[in-house]
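Worksheet for the structure shown next.
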There are 2 protein chains.
Amino acid sequence: MAHALSLHHRLSHADAPTDSDRTERAIAQSEAVCRSKGARLTPIRRRVLEALHGVDGPLGAYDLVDLLGSQGRRMAPITIYRALDFLIEQELVHRLASRNAYIASSGTVAGARTTAFLICDGCGDVNEIASPDVAETVLKVLRDQGYQPRTKVLEITGRCARCQDVH
Amino acid sequence: MAHALSLHHRLSHADAPTDSDRTERAIAQSEAVCRSKGARLTPIRRRVLEALHGVDGPLGAYDLVDLLGSQGRRMAPITIYRALDFLIEQELVHRLASRNAYIASSGTVAGARTTAFLICDGCGDVNEIASPDVAETVLKVLRDQGYQPRTKVLEITGRCARCQDVH
DNA sequence: TTATTTATGTAGTGTTATAACCTATATGAA
DNA sequence: TTCATATAGGTTATAACACTACATAAATAA
């Protein structure tokens with residue numbers, strides 16, 4: 001991938017309890033979601049989800065292979081992909097097609113809302129926003145066309161406020 | 001790619017003049033656009049663009065390698081990618097990240113409008129729509145966030161009207 | 001013409017994703 | 001519990017997509 005940012009830059013501080021707390025809460029919530037749907041959040045799937053919650057930004061599938069491999073037995077790429085498929089199915093993770101990367105669904109897993117990701121070309125930051133206006137407008141167009149949407153993810157690339165005017 | 005549809009299904013009828021007429025007009029318009037910008041629509045780039053206009057739907061980079069290779073000297077993948085980069089730069093072609101595929105910009109090349117692609121999981125059809133409402137709503141959100149957008153392409157996957165209720 | 005830039009050729013490699021097949025574990029029914 | 005079935009994961013290999021690096025050729029500007 002030739003990462004713009006090294007993994008280390010994106011790893012959360014281990015000594016800042018808030019981050020791991022957030023991860024724990026997200027996992028607990030995910031477990032509840034899976035239980036209610038009869039879906040099995042197995043140890044592998046859970047570890048992948050934890051890894052994605054543990055970093056600030058998206059990770060490639062092979063990033064996950066390396067990251068999880070470094071803290072235990074190395075898993076084959078296909079294993080990671082299978083876990084990702086499951087997590088995407090449960091809408092716990094989004095695939096950022098434009099980046100070939102995966103990111104944990106943030107916060108409100110509440111409804112099947114349309115979310116947009118603002119992906120910065122400069123710093124690589126990914127900003128997940130849930131705009132009811134955009135969601136509604138898009139849904140209206142889809143209704144007009146007779147489309148039944150599956151993906152409700154919009155990926156928009158450009159430059160974030162901090163990275164304006166830079167090359 | 002293990003194409004859901006064979007190339008032949010997607011090739012336009014050679015004996016239906018309307019299709020090739022459309023392609024010719026699109027190419028003529030593209031030539032004009034390039035001339036006005038001082039960009040060079042070389043024979044290779046032109047052939048790639050023609051190929052994309054000549055089919056009904058997106059093509060992968062290696063589909064283009066095969067398609068163009070079958071009607072002349074085989075070109076290396078990098079050659080196709082370079083041509084695609086140019087065409088995307090000129091906004092004559094869009095990359096569909098979710099499909100690893102490329103599609104010719106349809107019709108109104110007029111302005112840098114936000115376009116949305118409705119990609120059908122069932123039949124693979126790609127429907128390009130230019131909704132001013134969606135465009136405006138998205139731009140408003142981006143302004144609020146201080147984002148300066150580059151990609152103005154929204155990819156939405158789901159099922160088209162014809163493919164509802166199927167599996 | 002000559003210098004410079006832009007485009008293409010060639011070979012190799014990096015990166016992302018899946019196929020095919022087998023084994024193990026979990027779940028439900030008898 | 002025991003067996004049947006379904007689901008998850010292990011292993012190996014390969015497919016599919018994209019680009020690096022460097023050489024050559026063609027177009028453009030000086």
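Letters A, B, ... mirror the listed sequences (proteins, then strands); counts begin at 1.
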**Message:** Among residues at least two apart in sequence or on other chains, which ones pass side-chain hydrogen bond (donor to acceptor under 3.5 Å, both in side chains) with B/E89?
**Reply:** none

**Prompt:** Nearest-Å distance, CZ (A/F86) to P (C/dA26)?
**Reply:** 15 Å

**Message:** Restricting to side-chain hydrogen bond (donor to acceptor under 3.5 Å, both in side chains), what partner residues turn up for B/T157, sequence neighbours left out?
**Reply:** A/R150, A/T151

**Request:** Report which part of the nucleic acid B/R74 touches: base, sugar-phosphate, or nothing (heavy-atom distance under 4.0 Å, all strands).
**Result:** nothing

**Fill in**
Residues pairing under salt bridge (charged side-chain N to carboxylate O under 4.0 Å, His left out) where one sits in residues 72-87 of chain A, two or more places apart or in two chains, turn out to be A/D66-A/R74

**Prompt:** Which angle, to the nearest 10 degrees, lies between the helix axes at the two ends of the helix from C/dT1-D/dA30 to C/dA30-D/dT1, each defined by five pairs?
**Reply:** 40°

Distances under 3.5 Å between nitrogen or oxygen atoms of protein and nucleotides 20-25 of chain D:
none

**Request:** Check whether any side-chain nitrogen or oxygen of B/R99 sits under 4.0 Å from OP1 or OP2 of C/dA17, and answer yes or no.
**Result:** no

**Item:** N or O in side chain of A/T79 less than 4.0 angstrom from D/dG9 OP1/OP2
**Value:** no

**Message:** Going by side-chain hydrogen bond (donor to acceptor under 3.5 Å, both in side chains), name the residues that satisfy it together with A/E155, two or more places apart in sequence or in a different chain.
**Reply:** A/S98

**Request:** List, by chain and number, the other hydrophobic cluster members for A/I78, where Ile, Leu, Val, Met, Phe, Trp and Tyr join if side-chain heavy atoms come within less than 4.5 Å, directly or indirectly.
**Result:** none

**Asked** Does the side-chain ring of A/Y81 sit on the six-membered ring of the C/dT18 base, less than 5.5 Å centre to centre and under 30° in tilt?
**Response** no

**Message:** Tell me whether A/Y62 and C/dT15 count as stacked here, given that the ring centres must be under 5.5 Å apart and the planes must differ by less than 30 degrees.
**Reply:** no

**Pairs satisfying ring pair (Phe, Tyr, Trp, His ring centres under 6.0 Å), at least one member in residues 61-87 of chain B, at least two apart** = none

**Item:** Pairs touching residues 39-48 of chain A that satisfy salt bridge (charged side-chain N to carboxylate O under 4.0 Å, His left out), sequence neighbours left out
**Value:** A/E31-A/R46, A/R46-A/E50

**Prompt:** What nucleotide, of C/dT10, C/dA17, D/dG10, holds the atom closest to the side chain of A/R73?
**Reply:** D/dG10

**A/T79: side-chain hydrogen bond (donor to acceptor under 3.5 Å, both in side chains) partners, not counting sequence neighbours** = none

**Request:** Strictly below 4.0 Å, heavy-atom distances to any atom of DNA chain C: list the hits from residues 34-50 of chain B, or just say none.
**Result:** B/R40, B/T42, B/I44, B/R45

**Asked** For C/dA17, does OP1 or OP2 lie under 4.0 Å from any side-chain N or O of A/N100?
**Response** yes

Contacts under 3.5 angstrom, residues 131-142 of chain A side chains, donor-acceptor by atom type, not counting sequence neighbours:
| unit_1 | atom_1 | unit_2 | atom_2 | d |
| --- | --- | --- | --- | --- |
| A/S131 | OG | A/D133 | N | 3.4 |
| A/S131 | OG | A/V134 | N | 3.1 |
| A/T137 | OG1 | A/D133 | O | 2.6 |
| A/T137 | OG1 | B/T137 | OG1 | 3.3 |

**Prompt:** Rounded to whole angstroms, how far apart are CG on B/L84 and P on D/dC19?
**Reply:** 10 Å

